Structure formats: C-alpha cells, structure tokens
Number of protein chains: 2
Amino acid sequence: MSETGSAETPTAARPYHHGDLSRALVAAGRRILEADGPAALSLRAVAREAGVSPAAPYHHFKDKVELLDAVAEEGWHELGEAIAKGRAAAPTPRSVMSEIGVAYVRFARENPALYRLMYHAACDRAMMPDHAKDDNSAWRHVEEALIEAGADPADEQEMKLAQIAAWCTVHGVAEMAGFKEFEPLREAMGGEEPFVRALINHVGIFARRTRAHHD
Amino acid sequence: MSETGSAETPTAARPYHHGDLSRALVAAGRRILEADGPAALSLRAVAREAGVSPAAPYHHFKDKVELLDAVAEEGWHELGEAIAKGRAAAPTPRSVMSEIGVAYVRFARENPALYRLMYHAACDRAMMPDHAKDDNSAWRHVEEALIEAGADPADEQEMKLAQIAAWCTVHGVAEMAGFKEFEPLREAMGGEEPFVRALINHVGIFARRTRAHHD
DNA sequence: AGATCATCTTGACGCCGTTCAGATAGCTGT
DNA sequence: ACAGCTATCTGAACGGCGTCAAGATGATCT
C-alpha cells in the first residue's frame with residue numbers, strides 16, 4: 001500500500017494514472033456540493049478538484065449526468081443507513097414510522113444540496129433510484145416499518161398507498177422545513193427538530209392508525 | 001390598436017422597440033419550457049424566441065434568475081386560480097381541503113416543468129413566493145379552507161401546523177404522482193386522478209378531523 | 001427641430017459540456 | 001527483457017452559455 005495507489009487517499013504524487021478516479025470524482029463532487037453549492041458543481045470544477053484534466057471524467061462516466069447520478073446514489077445509500085438507525089431507535093412499534101420520518105428529514109436537512117440533487121435526479125427519470133429494492137434502501141425500510149407498525153401486508157393496495165403517502169409527506173417536509181415564513185413557529189416549538197416532529201406526527205399515517213379508513 | 005404595439009400580440013412587424021418586451025420574454029420562457037423542457041430554457045433561447053438579441057433582456061431583468069422568477073410568479077398566480085376553482089367546486093365544507101389538494105396536484109401535473117421551476121425558485125430562497133399573502137394566493141386559500149373545514153382559527157399553532165403539513169403532502173404528491181414504479185397501482189385505481197385522490201384522502205388532514213389530536 | 005433617454009444590437013469575455021487526436025504507463029504474452 | 005495492447009489521461013478545439021460595455025436607434029418632450 002506504499003504508493004501503487006489503489007487506496008482511496010493517494011497522498012503521494014498522483015500515480016499518474018491516479019489509481020481510482022471514479023471514486024475520487026464522486027468524492028470531489030460531494031465536496032464541491034457542500035462547500036460551494038449546487039451552482040458550482042460543474043464537470044470541470046469536479047475534475048479540477050480531483051486534479052485531472054476536464055476530459056478525464058469521460059473515461060469513467062459518459063456524461064455529467066452520469067457523474068451526478070453516482071453522487072446521488074451515494075446519497076441514497078446514506079439515507080438508507082440514516083433511516084435504518086432511526087428505525088432501530090424507535091421505542092415502540094407504533095412509533096417506528098414516525099422515527100423513520102424524522103430521520104429522513106434530518107438527513108435531508110443536514111445535506112440539503114445533496115438531497116436536492118438526489119431528488120432532482122429521481123424526478124428527471126420519474127422514478128426512485130434503481131436500488132430501491134435493495135435490502136437496506138430507504139424505500140424498503142418504510143415498507144417494512146409499515147408492517148411492523150401494524151399495517152396489513154395482505155392488503156397490497158392499502159399498503160402501497162400508505163407507503164407512498166408517507167414518503168410524499170416527508171419529502172415535502174424535508175424540502176420546506178427550513179422555509180423562512182415558518183421561523184416564528186419553529187422558534188415557538190423549540191427549534192427545527194421538534195417542529196419537524198410535530199409536523200410529521202400531525203399527519204395521520206405516522207402517528208395514528210395505519211389501516212384503511214374510507215370513512 | 002393598429003400597430004403601435006402596446007397590445008400583447010403585435011402581429012405587425014416588430015415596432016422596432018417591440019412595445020412590451022418583458023411580457024413577451026416571460027411568455028417566450030413559458031413556451032420554451034413547455035415545448036422543449038427546462039434544459040432548453042436559456043436566456044439566449046428566450047431572447048431568440050422573442051426575436052431580440054441576447055443582451056436585450058438585461059434592460060428588463062437584471063438576471064437570468066430574475067426572468068425565471070417572473071415566469072415562476074405567473075405560475076403561482078395560475079396555481080392560485082386553479083385552487084380557487086377547486087375550492088369553489090367542493091360539495092361540502094369537509095371536502096374543501098381534499099378538493100384543493102386535488103386541484104393543486106392537477107395543476108402541477110399538467111404543468112410539470114413550470115411547477116418544478118416554481119418550486120426550484122422557492123427552495124432557492126427558502127421561502128414561498130412573496131405574494132403568498134395576496135388574497136388569491138394558493139397559500140391563503142389553504143388557510144381559509146382549513147377554517148372552512150372546521151379548524152379552530154384561535155389555535156394559531158395548530159392551524160399553522162395543519163396548513164404546513166397539508167402543503168408539504170400535496171407538494172410531495174405533486175412531484176411523485178407520476179413516478180414509474182407507481183404505474184401498476186395507478187392503473188389498478190383507474191388512472192392518475194383517482195390515484196391522487198386516494199393518496200390525498202389517505203393523509204389524515206384532508207379527509208378527517210382537522211383538530212389537534214396529540215393522543 | 002433638437003435634445004434626452006429608454007431601448008435594442010454588436011461584439012467581446014470567460015466558463016461550460018463535450019469531442020478527438022495524441023501522450024503515458026500498467027498489463028500481457030513471449 | 002522486450003514488444004505490443006489497452007486503459008487511462010492530456011491538450012486543444014468547438015459551439016453554447018451568462019454577462020457586460022460601447023454604440024446605434026427611435027420615441028418623447030420642449
């Protein structure tokens with residue numbers, strides 16, 4: 001591991017063929033995203049940050065889009081992990097959904113630029129990320145949590161509806177929890193976390209019955 | 001009204017100073033947005049579509065952003081109108097919220113690129129559009145509808161929470177209702193409209209109690 | 001008529017995404 | 001050890017972008 005450079009941090013001078021550019025590019029992308037915002041996230045800037053020429057990325061990604069997709073996918077993976085933690089930390093089965101929602105929003109609010117990139121990519125192709133059926137995906141966690149919370153797995157339609165509705169709500173909260181006009185209310189409730197919690201618990205699916213109701 | 005050109009459609013040759021460029025630019029922007037998608041929405045393309053030089057817009061908008069903001073604002077205005085219609089069409093007071101939600105999502109789904117532009121702008125400045133307190137704004141309509149549906153205007157915190165939660169949910173639904181993985185369910189429910197309706201009615205706030213519950 | 005002033009055009013700058021021909025070096029088989 | 005192969009990276013170039021400064025144009029006012 002001296003300097004042949006398959007490691008992730010080739011502190012030595014570039015091994016000239018750099019070892020592992022694709023990973024380095026994704027990392028550089030995330031760094032730029034967090035440091036300078038999404039407007040600064042150009043292919044050239046990523047290449048610059050990684051220390052290679054502007055054309056180098058094209059040997060690893062066919063597109064700028066494909067590179068950003070890779071960054072987004074990393075985000076989805078981490079979101080899955082964050083949700084898994086929230087799920088595990090739930091005190092009772094009935095609170096699992098709520099805890100997942102809070103964890104989801106917390107991740108989005110702690111990585112706002114990344115989260116926006118993730119959803120931008122998803123909306124562009126009008127679907128969830130491909131690995132949404134992986135065991136540890138955020139999507140899968142919600143599905144399982146619903147069952148855990150008492151939903152009836154036999155009623156597929158009802159299950160799906162609940163899952164989608166829950167997802168839509170937390171997504172909305174994630175995007176708007178920081179809006180300025182909510183600041184008085186946020187303050188009154190003791191900060192963003194309680195505010196988000198109240199918001200989520202306010203929406204039926206999370207805090208209350210998980211079965212159908214059709215009046 | 002022969003050709004002096006303060007009208008909105010100067011069918012005659014450009015009155016050379018064009019009459020009303022700012023409006024024409026916004027219209028051109030919307031046309032491009034719907035026809036060629038958001039990726040094609042460049043300042044130069046808008047100028048081209050309006051038949052002026054690339055620098056001309058700078059005499060009416062300080063920025064590309066400011067132009068797009070104007071397009072977005074037009075969108076918010078129309079969303080307000082769409083919601084007003086949905087609200088008026090509600091059969092019972094208890095169904096007002098639900099009808100508003102459906103109208104909201106319908107507008108977003110019928111103008112997807114415009115809606116995305118609107119929300120992009122809103123998220124960028126982390127707040128609703130400035131005219132959110134206008135009498136006919138979408139935001140205001142939700143507030144009034146909540147009261148109409150039986151919410152207690154005295155409990156300000158509860159009111160705000162319900163309003164925000166409802167908004168977050170419809171926004172989420174608006175952005176994801178068209179996702180591909182939901183297609184089987186959408187079909188099974190008879191198309192997008194019933195699907196959206198079910199989703200919205202699924203989420204407490206819209207179909208059920210509007211008062212607090214705190215367990 | 002002449003002056004004023006908002007409006008529009010021309011031309012330029014630097015940055016962007018992307019491509020392509022060529023340089024570089026690790027790998028393979030001998 | 002050497003030659004060739006192939007993956008990887010560089011340099012230079014293209015058109016398009018947002019933006020700006022300088023000049024042209026014409027409506028309006030006196």
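In what follows, every heavy atom counts, from backbone to side chain, and hydrogens, waters and symmetry copies are set aside. Owing to the predicted nature of the structure, the values given are computational and were not obtained by experimental measurement.
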Below 4.0 angstrom, which residues in residues 60-70 of chain B have at least one non-hydrogen atom near DNA chain D? B:Asp63, B:Lys64
Relative to each other, are the rings of A:Phe195 and A:Phe182 parallel, tilted or perpendicular (30° and 60° limits)? tilted
Whichever of A:Leu43 and B:Pro54 has the more 5' nearest nucleotide on DNA chain C, that residue is B:Pro54
Between A:Leu41 (CG) and C:dC16 (P), how many Å, whole number? 11 Å
So B:Leu114 and B:Val71, do their side chains get closer than 4.5 Å, heavy atoms only? yes
Set of residues satisfying side chain to side chain donor-acceptor pair (under 3.5 Å) with respect to A:Arg106, sequence neighbours excluded: A:Glu193
With under 30° as parallel and over 60° as perpendicular, where do the rings of B:Tyr119 and A:Phe179 fit, or are they tilted in between? parallel
Could you give the CZ-to-P distance, from B:Arg44 to C:dC16, as a whole number of Å? 16 Å
Contact class for B:Ser53 vs. all strands (heavy atom < 4.0 Å): base, sugar-phosphate, or nothing? base
Please test B:Arg140 against B:Asp135 for salt bridge (Lys or Arg N to Asp or Glu O under 4.0 Å), starting from the C-alpha separation and ending with a verdict. CA-CA 6 Å; B:Arg140 183 62 91 77; B:Asp135 277 353; 3.5 Å; yes
Inspect the surroundings of CD in B:Glu156 and state if more than 12 heavy atoms from other residues, nucleotides or ligands are less than 6.0 Å away. no
Check whether any side-chain heavy atom of A:Val196 sits under 4.5 Å from a side-chain heavy atom of A:Arg186, and report yes or no. no
Within this structure, what is the OH-to-C1' distance between B:Tyr58 and C:dT10, rounded to whole angstrom? 15 Å
Length of the CG-P vector between B:Leu25 and D:dG18, whole Å: 13 Å
N or O in side chain of B:Arg48 less than 4.0 angstrom from D:dC17 OP1/OP2: yes
Take the protein atom NE2 of A:His59 and the nucleotide atom C1' of D:dC9, then report the distance between them rounded to whole Å. 6 Å
Identify which one of A:Lys85, A:Arg87, A:Arg197 satisfies the side chain to side chain donor-acceptor pair (under 3.5 Å) criterion when paired with A:Glu99. A:Arg197
Under the salt bridge (Lys or Arg N to Asp or Glu O under 4.0 Å) rule, collect the residues that match up with A:Glu143, sequence neighbours excluded. none
So if I take residues 32-40 of chain A and measure heavy-atom distances to DNA chain C, which residues fall below 4.0 Å? none
Throw together a table of side-chain donor-acceptor distances under 3.5 angstrom for residues 74-83 of chain B, partners on residues two or more places apart or in other chains.
unit_1	atom_1	unit_2	atom_2	d
B:Glu74	OE1	B:Arg30	NH1	3.2
B:His77	NE2	B:Glu81	OE2	3.3
B:Glu78	OE1	B:Arg30	NH1	3.2
B:Glu78	OE1	B:Arg30	NH2	3.4
B:Glu78	OE2	B:Arg30	NH1	2.5

Using a 3.5 Å limit on both distances, find every run of at least three consecutive Watson-Crick or G-U pairs that involves DNA chain C. C:1-30 with D:1-30
Report yes if some heavy atom in the side chain of B:Leu161 is under 4.5 Å from a heavy atom in the side chain of A:Met189; otherwise report no. yes
